[in-house]
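Data first, discussion second: the structure below is written as C-alpha cells.
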Amino acid sequence: MAGKRELLMLENFIGGKFLPCNSYIDSYDPSTGEVYCKVPNSGKEEIEAAVEAAREAFPAWSSRSPQERSLILNRLADVLEQSLEELAQAESKDQGKTLTLARTMDIPRSVLNFRFFASSILHHVSECTQMSHMGCMHYTVRTPVGIAGLISPWNLPLYLLTWKIAPAIAAGNTVIAKPSELTSVTAWMFCKLLDKAGVPPGVINIVFGTGPRVGEALVSHPEVPLISFTGSQPTAERITQLSAPHCKKLSLELGGKNPAIIFEDANLEECIPATVRSSFANQGEICLCTSRIFVQRSIYSEFLKRFVEATRKWKVGIPSDPSANMGALISKAHLEKVRSYVLKAQTEGARILCGEGVDQLSLPLRNQAGYFMLPTVITDIKDESCCMTEEIFGPVTCVVPFDSEEEVTTRANSVRYGLAATVWSKDVGRIHRVAKKLQSGLVWTNCWLIRELNLPFGGMKSSGIGREGAKDSYDFFTEIKTITIKY
Ligand SMILES: NC(=O)C1=CN([C@@H]2O[C@H](COP(=O)(O)OP(=O)(O)OC[C@H]3O[C@@H](n4cnc5c(N)ncnc54)[C@H](O)[C@@H]3O)[C@@H](O)[C@H]2O)C=CC1
Ligand SMILES: N/C(=C\C=C\C(=O)O)C(=O)O
C-alpha cells in the first residue's frame with residue numbers, strides 16, 4: 001500500500017534457525033515515538049525449544065578445548081567488527097542513543113567482549129596443594145555449568161548482552177539469552193552472524209519477549225541452572241524468588257545512586273567535563289552514571305556555576321546528529337517517570353538550575369513526539385529526597401555542598417545502593433582513605449568509566465550480587481570441584 005512503511009519483523013533464534021512466533025510486541029523508535037519493529041512475544045513453548053537445542057549442543061561444545069572455543073570467539077569479534085556501522089545505526093535507532101556513542105562505545109565494546117574472553121579463557125590456572133605427610137595432593141578442576149540463562153536490559157543492549165554471552169560460551173556453556181523487549185534489534189542482527197563465525201547450532205539461542213512472560217519461563221526452567229541478570233532491583237527480587245526452589249547460581253548486576261565527591265583541590269578543568277559526562281552520557285541511562293554530586297563548600301558556588309554552564313552546552317539532538325551529546329530516552333513511560341522526579345524535587349522546595357521546566361528543547365517537527373529531555377541539574381535538595389536516594393536512570397543530577405571528608409563519606413554511603421563512585425582530589429592520601437571507606441563496588445578517582453575488564457565489576461548492597469570480569473565471570477560460569485589423589 002502506498003505510503004505504508006514496512007515494519008521490521010524479528011524472529012527467535014533457536015538451534016541455529018530463525019523461527020517465527022505466534023504473537024508480537026510493538027517496538028518504538030524513541031526519537032519519533034513511532035512503532036517501527038515487531039518483537040516476538042515468546043513464552044514457555046519457545047523456552048522449551050531453546051532448552052532442547054541448548055541441551056543437544058552442550059556435550060560437543062563443552063568438550064571442545066578452550067583454544068578451539070577461543071578461535072570461534074575471535075571470529076565472532078571479527079564478524080561483529082565488520083558489521084560495526086550497520087549495528088551502530090540499528091542500536092541508535094532502537095535505543096535512542098546518539099549514533100556517535102553507538103559507533104564509539106556500544107559496538108566496539110561488544111567486539112571487545114568477544115576478543116577479551118577469547119584471550120582470557122586461555123589463561124586460567126587451577127589450584128593445587130600438597131599434603132606430603134598424608135601422601136596426598138589436591139587440585140581443583142572447573143567445568144561448565146550447563147545451559148546459562150542470560151537476561152539483559154535496554155540501556156546498553158548489545159554491549160551488555162555480549163558481556164554475558166562471551167564468558168558463558170568461552171567457558172563451555174550453551175546459552176539462552178533474552179534481551180530487553182524494548183531493544184531487541186541488534187541481538188537479532190547478531191544471530192545472523194553466528195553461522196559465519198562458526199558457532200555451532202544450539203550454542204547461542206536468543207529468545208525475544210517480555211520479562212514476565214518469557215523471562216520468567218527462562219528463570220523458572222529446571223534445566224537452566226544459572227541466571228546472569230542486569231537490570232532493576234525489583235526484577236532481581238522476582239528472579240531470586242523464582243530461582244530459589246532450584247538453588248540456581250545467580251549473578252545480579254543492578255542499579256546505582258552513584259556519588260561524585262569533589263574536594264576543593266580538584267582540578268575543575270578536568271572534573272567538570274568528566275562529571276557532565278558521568279551524569280548525562282547515554283541520557284543518564286547507565287547504571288554507573290553520577291546522580292549525586294557532593295562539592296566541598298569552599299568551591300561550591302564556582303563549581304555550580306561552571307557545571308550548569310557546561311551542562312547547558314551538552315546538546316540534546318536527534319540520534320543521527322553528529323553534534324548531539326544526548327539522544328532520546330528509551331520510552332514514553334520512562335520519560336514520564338524521569339520527569340516526575342524533577343517535579344517531585346520542585347514540590348519539595350529544591351531548585352532546578354537548568355533543563356526540565358527551565359530551558360526549551362529545540363527539535364525537528366518529525367521528532368517532537370520523541371522521548372527527549374534536557375539534562376537537568378537540581379540543587380538545594382535534602383539527602384532524604386527521593387531524587388537523592390532512588391535510581392532515576394535519566395539525565396538528572398543533584399548538586400549539594402559538604403564540609404568534611406568524614407561527613408561526605410557518611411552521606412555518600414547513606415543510600416541502599418553501592419555501585420560506582422567518583423572522587424576528585426589531588427591529595428593521594430585522601431583519595432586512598434575515601435576510596436577505601438566508600439561502600440561501592442567501583443571507585444574511579446579523577447576519572448570516570450575507565451574500564452579494566454580483567455578486574456571485578458559489580459555492586460555492593462542493593463546494587464547486586466556477584467562480580468563480572470576475567471576471573472569472576474569464569475568462576476561464575478563454571479562449577480569447581482576439588483579432587484584429592486592419595487599416592
Ligand atoms: N543496569 C541497570 O542498572 C539497569 C537498571 N534499570 C532500572 O530499572 C528501571 C526499569 O527498567 P526495566 O526495563 O523495566 O528493567 P527490568 O529490570 O524490568 O528489565 C531488565 C531485563 O529484565 C527482564 N525482565 C523484566 N521482568 C522480568 C521477570 N519478571 N523475569 C525475568 N526477566 C524479567 C526485562 O525483559 C529485561 O530484559 C529503570 O528505570 C532503571 O531504573 C533498567 C535497566 C538497566
Ligand atoms: N551494567 C551496566 C553497565 C556496565 C558497563 C560496563 O561493563 O562497562 C549498566 O548500565 O547496566
Side-chain angles (χ1 to χ4, degrees), residues 25 39 41-43 47 95 97 105-106 108-110 112-113 116 149-157 159-164 166-167 176-184 187 206-221 224 227-243 250-258 278 281-289 291 329-331 333-338 340-341 390-394 396 417 419-420 441-442 444 448-453 455-459 462-464 466-469 472-473:
I25 313 161
V39 174
N41 185 14
S42 317
I47 289 297
Q95 206 276 341
K97 65 180 71 216
M105 184 181 82
D106 290 73
R109 171 59 190 274
S110 310
L112 179 62
N113 288 338
F116 175 76
L150 312 175
I151 301 180
S152 57
W154 45 258
N155 56 330
L156 302 170
Y159 174 140
L160 291 178
L161 186 73
T162 53
W163 177 236
K164 295 186 187 304
I176 303 175
K178 193 211 85 66
S180 168
E181 62 276 27
L182 302 179
T183 53
S184 296
I206 304 206
V207 179
F208 299 99
T210 67
R213 196 153 180 257
V214 74
E216 293 201 6
L218 176 59
V219 173
S220 313
H221 201 289
V224 178
I227 301 291
S228 173
F229 168 78
T230 299
S232 67
Q233 207 270 340
T235 302
E237 227 175 280
R238 178 77 183 133
I239 289 176
T240 306
Q241 286 163 357
L242 294 172
S243 304
L250 286 184
S251 165
L252 305 172
E253 292 297 339
L254 313 178
K257 190 68 200 170
N258 309 310
S278 73
N282 203 48
Q283 302 74 242
E285 295 169 330
I286 305 182
C287 62
L288 309 165
C289 277
S291 59
L329 275 68
I330 184 66
S331 65
H334 189 58
L335 174 65
E336 278 163 10
K337 176 181 139 184
V338 176
S340 76
Y341 275 101
E390 292 174 22
E391 183 178 53
I392 301 176
F393 219 62
V396 177
Y417 293 106
L419 184 57
L442 302 146
W444 278 292
W448 178 68
L449 200 47
I450 297 182
R451 288 283 278 113
E452 160 54 294
L453 302 187
L455 296 190
F457 175 94
S462 290
S463 291
R467 295 290 184 273
E468 296 175 324
D472 295 272
S473 297

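Both counts, for ligands and for their atoms, begin at 1 and track the order of listing. We number each residue from 1, following the sequence as shown.
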What does the N/O contact table under 3.5 Å look like for ligand 1?
unit_1: ligand 1; atom_1: 3 (O); unit_2: L254; atom_2: O; d: 3.3
unit_1: ligand 1; atom_1: 11 (O); unit_2: W154; atom_2: NE1; d: 3.4
unit_1: ligand 1; atom_1: 13 (O); unit_2: W154; atom_2: NE1; d: 2.5
unit_1: ligand 1; atom_1: 17 (O); unit_2: S232; atom_2: N; d: 2.8
unit_1: ligand 1; atom_1: 17 (O); unit_2: S232; atom_2: OG; d: 2.7
unit_1: ligand 1; atom_1: 17 (O); unit_2: T235; atom_2: OG1; d: 3.1
unit_1: ligand 1; atom_1: 18 (O); unit_2: T235; atom_2: OG1; d: 3.0
unit_1: ligand 1; atom_1: 29 (N); unit_2: E216; atom_2: OE2; d: 2.8
unit_1: ligand 1; atom_1: 35 (O); unit_2: K178; atom_2: NZ; d: 2.9
unit_1: ligand 1; atom_1: 35 (O); unit_2: E181; atom_2: OE1; d: 2.7
unit_1: ligand 1; atom_1: 35 (O); unit_2: G211; atom_2: N; d: 3.3
unit_1: ligand 1; atom_1: 37 (O); unit_2: S152; atom_2: O; d: 2.8
unit_1: ligand 1; atom_1: 37 (O); unit_2: K178; atom_2: NZ; d: 3.2
unit_1: ligand 1; atom_1: 39 (O); unit_2: K337; atom_2: NZ; d: 2.8
unit_1: ligand 1; atom_1: 41 (O); unit_2: E391; atom_2: OE1; d: 3.0

Distance dump, ligand 2 polar atoms to protein, N/O, under 3.5 Å:
unit_1: ligand 2; atom_1: 7 (O); unit_2: R109; atom_2: NH2; d: 3.2
unit_1: ligand 2; atom_1: 7 (O); unit_2: R451; atom_2: NE; d: 3.3
unit_1: ligand 2; atom_1: 7 (O); unit_2: R451; atom_2: NH2; d: 3.0
unit_1: ligand 2; atom_1: 8 (O); unit_2: R109; atom_2: NH1; d: 2.9
unit_1: ligand 2; atom_1: 8 (O); unit_2: Y159; atom_2: OH; d: 2.6
unit_1: ligand 2; atom_1: 8 (O); unit_2: R451; atom_2: NE; d: 2.6
unit_1: ligand 2; atom_1: 10 (O); unit_2: N155; atom_2: ND2; d: 2.8
unit_1: ligand 2; atom_1: 10 (O); unit_2: C287; atom_2: N; d: 2.8
unit_1: ligand 2; atom_1: 11 (O); unit_2: N155; atom_2: ND2; d: 3.3

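Between the side chains of T240 and S243, no donor-acceptor pair is found at a separation under 3.5 Å. Counted by atom type alone, E390 and Y341 present one or more donor-acceptor pairs between their side chains at under 3.5 Å. Between the side chains of Q95 and E285, a donor-acceptor pair is found at a separation under 3.5 Å. Side chains of K164 and S473: no donor on one and acceptor on the other come within 3.5 Å.
Between A187 and L161 the shortest heavy-atom distance is CB-CD2, 3.6 Å. The minimum heavy-atom distance between T183 and P153, with the atom names listed, is OG1-O, 4.0 Å.
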Set out, in order, the CA-CA distance, both residues' side-chain angles and the distance that settles side-chain contact (heavy atoms from CB on, under 4.5 Å) for E391 and L254, then state yes or no.
CA-CA 10 Å; E391 183 178 53; L254 313 178; over 6 Å; no

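Relative orientation of the F457 and W163 rings is perpendicular, given thresholds of 30° and 60° on the angle between their planes.
Of the candidates C287, S463, S291, S291 is the only one forming a side-chain contact (heavy atoms from CB on, under 4.5 Å) with K257.
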